[in-house]
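Working notes for the structure below.
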Amino acid sequence: MAISVQSRFWDGVTELTKVAQRKGVDPLHWAIQLSSNLNSAGVALPSVELANVLVSDICWDNNEPVSWKFLEKALMLNIVPPILVLALLTTRVISRRQFQPVAYRLYLELIRRHAFIVKSHIHVLKYKEVIASVDAVLRLSETFNLPANDPGTLMVEFIFSIVWQLLDATLFDEGLLELIVEEKSKWPTKPQEMEIDGHNSYDDKRTEQRERLRNVNVELAIEIIGKFLQDTVTSRILHLACRNMPSHWADLIQRLQLLGENSSVLRKSKSLNSEIFLRFSSNTWTIFSQECKKSSQQKFPPIRAFGSPASSASLCHRTRYSALWLPLDLVLEDAMDGYQVQATSAIEKITSLVKTLKAINGTSWHDTFLGLWIAALRLVQRERDPIEGPVPRIDTRLCLLLCITVLVIADLIEEVESTTSVETEYGASNHWKEKKAPGECRNELISSLQILGEYQSLLIPLQGVISACNQAAAKAMMFISGISVSNAYLECINMKDMPMNSSGNMRHLIVEACIARNLLDTSAYFWQGYVNGCINQMPQSIPPQAPGWTAFMKGAPLNHIMINALTSTPASSLAELEKIFEIAVKGSDEEKISAATILCGASLIRGWNIQEHTVHYITRLLSPPVPQDYSGCESHLLGYAPMLNVLIVGIASIDCVQIFSLHGLVPQLACSLMPICEVFGSCVPNLNWTLATGEEMSAHAVFSNAFTLLLKLWGFNHPPLDHGVGDAPTVGPQLTPEYLLLLRNSHLVSGKAHKGRNKMRLSAVASSSSPQPVFVDSFPKLKVWYRACIASTLSGHVRGNSVHQTVDGLLNMMFRRISGGNQPLTSVTSGSSSSSGPGNEDSSLRSKLPAWDIMEAVPFVIDAALTACAHGKLSPRELATGLKDLADFLPASLASIASYFSAEVTRGLWKPVFMNGSDWPSPAANLSNVEEQIRKILAATGVDVPSLAAGGSSPATLPLPLAAFVSLTITYKIDRASERFLNLAGPAMESLAAGCPWPCMPIVASLWTQKARRWSDFLIFSASRTVFLQNRDAVVQLLKSCFTAALGLTANPLSYHGGVGALLGHGFGSHFCGGISPVAPGILFLRVYRSIREVALLVEEILSLLMDSVREIACNSTRKERSGKLNNYNGKRYGHISLSSAMTQVQLAASLGASLVWLAGGLVLVQSVIKETLPSWFISVHRSEHPCSEGIVSMLGGYALAYFAVLCGTFAWGTDSSSTASKRRPKILGDHMEFLASALDGKISLGCDWATWHAYVTGFVSLMVSCTPSWVLDVDVEVLKRLSRGLGQWNEKELAFALLELGGVGTIGAAAELIIESEM
């Protein structure tokens, strides 16, 4: 019954309309009467039902001009919702435009009049009903796969669909739609094939009029489309569609391009211009990106106000440039710390950092590449006057410059070019990204290298690479002279035969490294100033024939002379390495040894152009496959013992280990060494191999070499218990065997899941070793030893068991000269029995005990020996001699010795011993000198060094375990044979001494400097590090010195300019001014922070120092401004510090603070800062006692915190979602954004100054939307809406829109409503 009544009512409305039309009633009077009738009937206006009735009547029963006038009046008086009327007409009129050109013309007029009054459409009453009706009529949700649940989303889809349908109709009318290849049009825009006009008969004249009208309609439709593209509101709404409907947008862009390029109407029209369509279709995302970035700069100008780094004349000291790339310098220098072997590839870390800094700084690829080259060159130049000691030296730094950096750039270029090619082929899916033409990134690399030639001071070669630089320059000169010479002959060139000023520099090596990886070609040799002059003939110093890689590739035999030549000269091509690798795999046993020797020679250390291949080949050789004809019951690895030992010893140096670490091969290297240790450690020592030289090699030797190298890889000198309880490790997870294998197993799948070149390299190496995952349970002997080492408990030494017998045998071997006829040493320890035999068992012991059995017994042996020494049964000298005998018997036992001593020092049960020079060695001879040198090293930090003579004339003391360990280590000679074992014992000893009370480490350094004077600088520097581990105030002072130096807030002339040069210095050692020089505070921090346990406390200090630095910068600015004193320099005014200049320093301070936090605590600490520390800081009340303007201080402080927070996040998570760490970003970032939104909503009371809070919020959001847009997608949609409302209340509408625009489909409606409300 109700339906029948409604039907009669609307039939009455139709009849009323028709009667009014027949009588010629004024449309206004009709509309007023109709509105009155509807109100009387209780129909709410605007009426959805009336819109359907009127449009249904016009289409097509009452298609008369007067009907359109009545409809127009109903629209004007808001009796019907305009958007619904336009939607209804769209579905009916467009498809019949050929046969109803008048209706189509009237429809277009209604579109032009009403479609652009967008604000009225979203404020319509009964909007839910209107939205549902429009959505149903146009099938918007179905077409765009985006529910139109709110007015904003509906308007985006409505405008997009109208433009699209008008485009399709226009293209069809011009015969262009057929050029688009697609399965089916989304809209019914093609004219219906059969139509019957029942009201009109056709004649020639009428047909001609219709045709003219159709042409006019096409022109009008194009004009309306252009208006949609140009109107402020509708164009920005279309931009929302661009970001959130990429596949549909690509279709629309295709149509716009087709219309702009081929439309005959556009070509003939005097009022229309095709440029509008072409510019919109080609530069939509670029224009919008620039507009948004410009808006961000206007709202937050100081953050992005930086010039090109190439414009600086002295990049080493300019604060502006340092602010851009300071984090990169810190990370590169941090990678040189020999005490920490990184398990992850430096290529990945640096690549991520470079992308982060490029995004944050807004620099071009040219400036980015230039900044990377300069940072890497500075790293090398800091090694110009190195100290001697067990630390990485020039080879590691050159590896980073000439191999790692080049591979980073290669990966970056490949990523950019692959992204460009994908966007070109399939349409851009992320229009926010900066578009690059194919090859443009390579061109910017070329330009950066050309500009790099201007920085001559950075390009001066170090002494060890002068010859290589000269050879690279000679190669280029001969090439441009038309002379072809192989690399083997270049080594024989005498520079006297070359033209004047033809010597090479570091740029020549960089260019050669880029050419080797196809980043450049030989056209680089023709760059202006690259080489000076040319030669006309072959230099006389080149011999007709020389042994080397060229002769080897031509078939020369691998004899002794050839082996020496290939070992001392790096390979120049991958083909040369492949041939050597093939010999190592398929050659005879002697050839395998020779090939392994060659691979571990110059090709590994100085083969920068092929180094990544060399380390991969070596790693693969350490996991040789089981021979096909192998049938033995023992491990096949025993047959490869000589070659494996050569490889292990060849890569055991600190520089080699660091090179493997930089390439990310530590996990795979550890995986290769574990089975070697397991197999050879289980063999009896009488299993020997006789080499071609007549030298014999035992299973113990292979095990010790492999085990010693393995321990270096997981940071054995810092066992997990050293980090205490309750505090997170300082940098990421500990490098335990389990973690290394887990990381290695992840490499197996990472190459398949990622397209990154480096991940594919690591995956290939892991797969070639073993395609299956490897776990520590596969190595039971290693696992048992490791667990016992970590537990540090002495259990299992029971009378009669195998461990008991081994302990007694080892004690007899160690102390056979003093134990005969006396009480056995083992009787001193509880639970021990008498020795099982006299000292003549030594020979049988040496031939029967596998290494793992000895390793298991060593802690009990050391405990018995140390106890005997404490009870006077052993003299200190006898103890040291016995320990040395044990270490000589099995060098790997040093690991168990170090582990035991470390545990005993931690327990603190042993009494200290007097280092008096009679029982124990005395440090008195140079202890005062060590103290003086420590004070010099720390002079730049202002840290007070505790006096070493605090105890008066009493002799120095050390805990007994530490004294025993030091006495053992100083018995070693400083030579190549002992180097790999000292490299294990040295860091363990330093870590042990650093954990003891002051001045244990200076005493150890004093003892060692008497032993190895050429290591004195290194030892004293190591001792100076412990000052910060003993005193928290010293750490705070060190951090303060870092900020003071970097910002130039000091009277020291060397640090006045601030920047990287002041923070990291230019090297250190006793080469300067006749004595050791002060060490730059940044270097000290990088060598100290890993040993700081209370790392969380660093954050509070860094935040405090950051804000203090901001106040100092602001106060300096205010003082100079008030003084009015102006200096004139090159015609420019300096002295009046502008806001931009102050902000540059503030950015540098924030950059330094974020870098220190990230380095010190990694992902865990960064997340704690963003989630907990910063919110707590804003809630707390802060008072300032500084006299300068609080307004500028508060504002700059907010900006500093914003930059600090965003940088911390980007360092940890990256700017995109490609890293594993980015998976943790949504939770932490979401919590922080919830805090911001709640504070803006007034739900949280803040204690900070309002100006600080305003600057922080606007700064943080500005940086996020302009530099890390992918972050916005991680934030909850409702939180984004609340934030945007808060920003809108601050009149930050552009920023609010940018936030919503990046929020994805969930915020598209809110973004559209903001555009419409603000008429942006």
Flag, side chain of [X] to backbone of [Y], donor-acceptor distance under 3.5 Å:
X	Y	value
T1026	L1029	no
Q1030	A994	yes
D863	P859	no
H700	A892	no
T619	V615	yes
S661	V657	no
S1016	R1013	yes
E678	K781	yes
T906	S902	yes
W852	C677	yes

Say you draw a straight line from [atom1] of [X] to [atom2] of [Y]; how long is it, rounded to the nearest 0.5 Å?
X	Y	atom1	atom2	result
I605	S653	CD1	OG	5.0 Å
L886	T881	CG	OG1	12.5 Å
I593	I598	CD1	CD1	12.0 Å
L599	L604	CG	CG	8.5 Å
Q658	Q342	CD	CD	8.5 Å
S594	D589	OG	CG	11.0 Å

Which heavy atom in [X] sits nearest to a heavy atom in [Y], and how many Å separate them?
X	Y	value
L1007	M915	CD1-CE, 3.8 Å
A652	L709	CA-CD1, 4.2 Å
A993	C1000	O-CB, 4.0 Å
I937	S1024	CG2-OG, 3.7 Å
W785	A895	CZ2-CB, 4.0 Å
L740	A343	CD2-CB, 3.8 Å

Lys NZ or Arg CZ of K1011 over Y972 ring: under 6.0 Å, within 45° |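 Ring-cation test returns no.
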
Using side-chain heavy atoms (C-beta onward) and a distance below 4.5 Å, is [X] in contact with [Y]?
X	Y	answer
W998	V945	yes
V966	I1003	no
N929	T1009	no
K592	Y640	yes
W920	L958	no
M1001	R1025	no
F707	L673	no
I934	E931	no

Tell me, please, which residues at least two apart from R606 pass side chain to side chain donor-acceptor pair (under 3.5 Å).
->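 Result, side chain to side chain donor-acceptor pair (under 3.5 Å) vs R606: D395.
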
Evaluate the side-chain contact (heavy atoms from CB on, under 4.5 Å) criterion for residues E383 and L398: first the C-alpha distance (whole Å), next the side-chain angles of each, then the deciding distance (0.1 Å), finally the verdict.
-> CA-CA 10 Å; E383 190 69 6; L398 289 172; over 6 Å; no

Any donor-acceptor N or O pair under 3.5 Å, side chains T806, D853 =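 The criterion, which ignores hydrogens and geometry beyond distance, is not satisfied for D853 and T806.
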
Verify the distance criterion only: is there a donor paired with an acceptor across the side chains of S918 and N916 at less than 3.5 Å?
->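 There is such a pair between these side chains.
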
Just say parallel, tilted or perpendicular for the rings of W1015 and F1018, cut-offs at 30° and 60°.
->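 W1015 and F1018: perpendicular rings.
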
Is any NZ, NE, NH1 or NH2 atom of the basic residue among E333 and R1087 found under 4.0 Å from an Asp or Glu carboxylate oxygen of the other?
->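 Salt bridge between E333 and R1087, a charged N being under 4.0 Å from a carboxylate O: yes.
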
Between E932 and R935, is the closest basic N to carboxylate O distance under 4.0 Å?
->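 Judged by the 4.0 Å cut-off on N to carboxylate O distance, R935 and E932 do not form a salt bridge.
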
Evaluate the criterion side-chain contact (heavy atoms from CB on, under 4.5 Å) for residue pair F660 and I618; output intermediate values, then yes/no.
-> CA-CA 10 Å; F660 275 85; I618 292 174; 3.8 Å; yes

For residues 643-652, which residue pairs qualify under side chain to side chain donor-acceptor pair (under 3.5 Å), counting only residues two or more places apart or in two chains?
->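 For residues 643-652: N645-N705.
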
According to the side chain to side chain donor-acceptor pair (under 3.5 Å) rule, which pairs have a member within residues 957-971, sequence neighbours left out?
->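 Qualifying pairs: T969-W1008.
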
Check the pair V380, V465 against side-chain contact (heavy atoms from CB on, under 4.5 Å), reporting the backbone distance first and the verdict last.
-> CA-CA 11 Å; V380 172; V465 293; over 6 Å; no

Take V1004 and L962 through the side-chain contact (heavy atoms from CB on, under 4.5 Å) test and state the conclusion after the steps.
-> CA-CA 9 Å; V1004 171; L962 177 57; 4.3 Å; yes

Any chance the rings of F965 and W910 have centres within less than 6.0 Å?
->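 No.
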
